[in-house]
Amino acid sequence: MTQGYTENQKVLDFVNASAELAQPDKIVWIDGSDAQIDALREEACSTGEMIRLNQEKLPGCYYHRTAENDVARVEARTFICCRDEKDAGPTNYWMDPKEAYPMLREIARGKMKGRTMYVIPYSMGVVGSPFSRIGIEVTDSIYVVLNMCIMTRVGFNCLEALGKDGDFVKGFHAKCDIDPEKRYIMHFPEDDTIISVNSGYGGNVLLGKKCFALRIASYLGRKEGWMAEHMLILGVTYPDGTKKYVAAAFPSACGKTNLAMLIPPKHYRDLGYKVETVGDDIAWIRVGEDGRLWAVNPENGFFGVAPGTNDHSNPNALAATRKGTIFTNVAIDPSDNTVWWEGLTKQPPEHLIDWLGHDWTPASGVKAAHPNSRFTAPAVNCPCISPEFNSKTGVPLDAIIFGGRRATTTPLVYQSRDWNHGVFVGSIMSSETTAAATGAVGVLRHDPMAMKPFCGYHMGDYFAHWIEMGKKVKNPPKIFNVNWFRQGENGEFLWPGFGDNMRVLDWILKRCDDKIEAQETAIGYVPYAKDIDIEGLDYSVETLEKILYVDKERWSKEADEIAEFYKQFGDKLPQELKDNLATLKANCEK
Ligand code: GTP
Ligand code: SPV
Ligand code: MN
């Protein structure tokens, strides 16, 4: 029954084996056509899996609620299943494939009885680009199919690109019983395989995203000499028409989508500055023939955090969600069948249906939208999408930025001294946890390069890979660290953030061109307060100085803490990072 669409025996074997295991009543191959997508939306609405929103105000937009126990990535149930535990490293959960495969088979056996199994051929990256990779996801969820059709490039041209013999990443997803006790998000990097059971949520089930484009791809990248990173990519156009590109790694729900789509403050706009989005979450990066690093965004849409998105904070993201978008776990405004979430408007509507399906009023005392509620919006909808979005070669990077959510210690921005120091700066990232993963929110934890939950192999080897990549690039991007989240005594943010982050980007790009001096501090180069443009802001130089200040005492403690964190990597920790830690400690004692 699966013949006819492809002659690739590996694809047919994978689909047949999946069907034999899960025993669906029907197999449907997804060609990604409008007609097929419309029919699936219709079917999902008829069963209640999705709700059709107001088609005049939000054409092509739909709504989905996940199970209450299934609202975010589950790191404790996300495993790297390589043969040798040592290869997964101390920051990953590991299971022996010999144990994992039979366990998963047991869980998934017969679980698609009475259901349809959809076969999604998709490409991460533009089909036909040497940067791109093909995946096949089988799933019993229409919600997953429709999300994948937005987030990736779905279609039979992916099967054509595979030809008779091409290899692909195998993804098996079955909702099973959405049983959190049997929920597993399993990666077999040695077999190009992902298996996800008992979830229906975002990063757990849209297997092209974190599972493939980061965990599997990071493993492939190390083997093949490229990098898969949790980074946005943006382009800045200058008044004279020159363009510069920046990639930035922030942990989940720490501002990637917002930075990628920022609208510069008025005086920058008046001068002709423009920011365009190449990607908002993932970058695949290679060394170009010109000795620079080139980045592509392997995705085709945005799976963005809804709360906090509004006409002021991120008008581009909001505009992207006005058509062809799937909303997950936000609130519904029954007065006109549209959507609402905390922060969309200052004044909440009088009556909503909350993410759990209950009546809600401003007096309810609970959030109407889940803090990790999301929109899945096509990238082409975004008013500031870069003309390079579909480029087969990607864009050359001038700067790489790391950043996290730190109430204290880390200044607004600083620059590393060189590539290896930049790798060190990425490796020591800490950030307060957010609602993007289950578990406590606001807990400070180490999240090197924002990849702690996404690195498909040993983090010590990952650091070494970064160091190696530095040796291959003649003209490496300069590496910076930012922190939009410094807090004052009353927990208020001390930096306006959002569009005003352009002011920091401006300093960063001037540093890349050696156009501006900086102060050398214990941790790297920090701006002179006078060099951060605060024109048009009601903002004091004193506050700026405060958030630029490098407190050596705090950093000395931080260095001790980093030494503790580093211990787990043992002899896999590159000497270059040990040296940089020693320098940091010594600088703080000076
Ligand atoms: P993932 O999709 O989970 O990877 O998240 P992300 O890194 O793309 O984060 P996103 O841009 O969606 O922002 C997450 C939250 O941080 C939202 O609630 C934003 O409103 C908030 N945020 C983003 N940028 C800033 C900023 O510059 N300052 C402040 N204070 N908050 C910000
Ligand atoms: C993240 O958590 O970093 C996300 C959302 O981008 S998810 O796809 O759920 O991983
Ligand atoms: Mn992310």
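Values below: every heavy atom of this structure, side chains too, minus hydrogens, waters and symmetry copies. Order of listing sets the numbers, starting from 1, for every ligand and every atom in it.
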In terms of residue, atom name and distance, what is the protein heavy atom nearest to atom 1 (C) of ligand 2?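 It is Lys210 NZ, 2.9 Å.
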
Return the closest protein heavy atom for atom 11 (O) of ligand 1 as residue, atom name and distance.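 So the nearest neighbour among protein heavy atoms is Asn258 ND2, 2.7 Å.
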
Take the Mn ion (ligand 3) and tell me which protein N, O or S atoms are nearer than 2.8 Å.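 Near the Mn ion (ligand 3), the protein supplies Lys210 NZ, His230 NE2, Asp281 OD1.
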
Flag [X] as yes when one of its N or O atoms lies below 3.5 Å from any N or O atom of ligand 2, and as no otherwise.
{"X": "Lys256", "value": "no"}
{"X": "Lys209", "value": "no"}
{"X": "Gly203", "value": "yes"}

For ligand 1, does [X] get within less than 4.0 Å through its side chain, its backbone, both, or neither, judged by non-hydrogen atoms?
{"X": "Trp495", "value": "neither"}
{"X": "Ser252", "value": "both"}
{"X": "Asn501", "value": "side chain"}

Do Arg405 and ligand 1 have an N or O pair less than 3.5 Å apart?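 Yes - when backbone and side-chain N and O of Arg405 are compared with those of ligand 1, one distance drops under 3.5 Å.
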
Would you say Gly343 touches ligand 1, if touching means a heavy atom closer than 4.0 Å?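 Checking ligand 1 against Gly343, which is what was asked, there is no heavy-atom contact under 4.0 Å.
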
Check contact between His230 and ligand 2, using heavy atoms of the residue and a distance below 4.0 angstrom. yes

Measure from atom 3 (O) of ligand 1 to every heavy atom in Gln487, Arg374, Lys256 and give the option owning the shortest one.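 When every heavy atom of Gln487, Arg374, Lys256 is considered, Arg374 comes closest to atom 3 (O) of ligand 1.
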
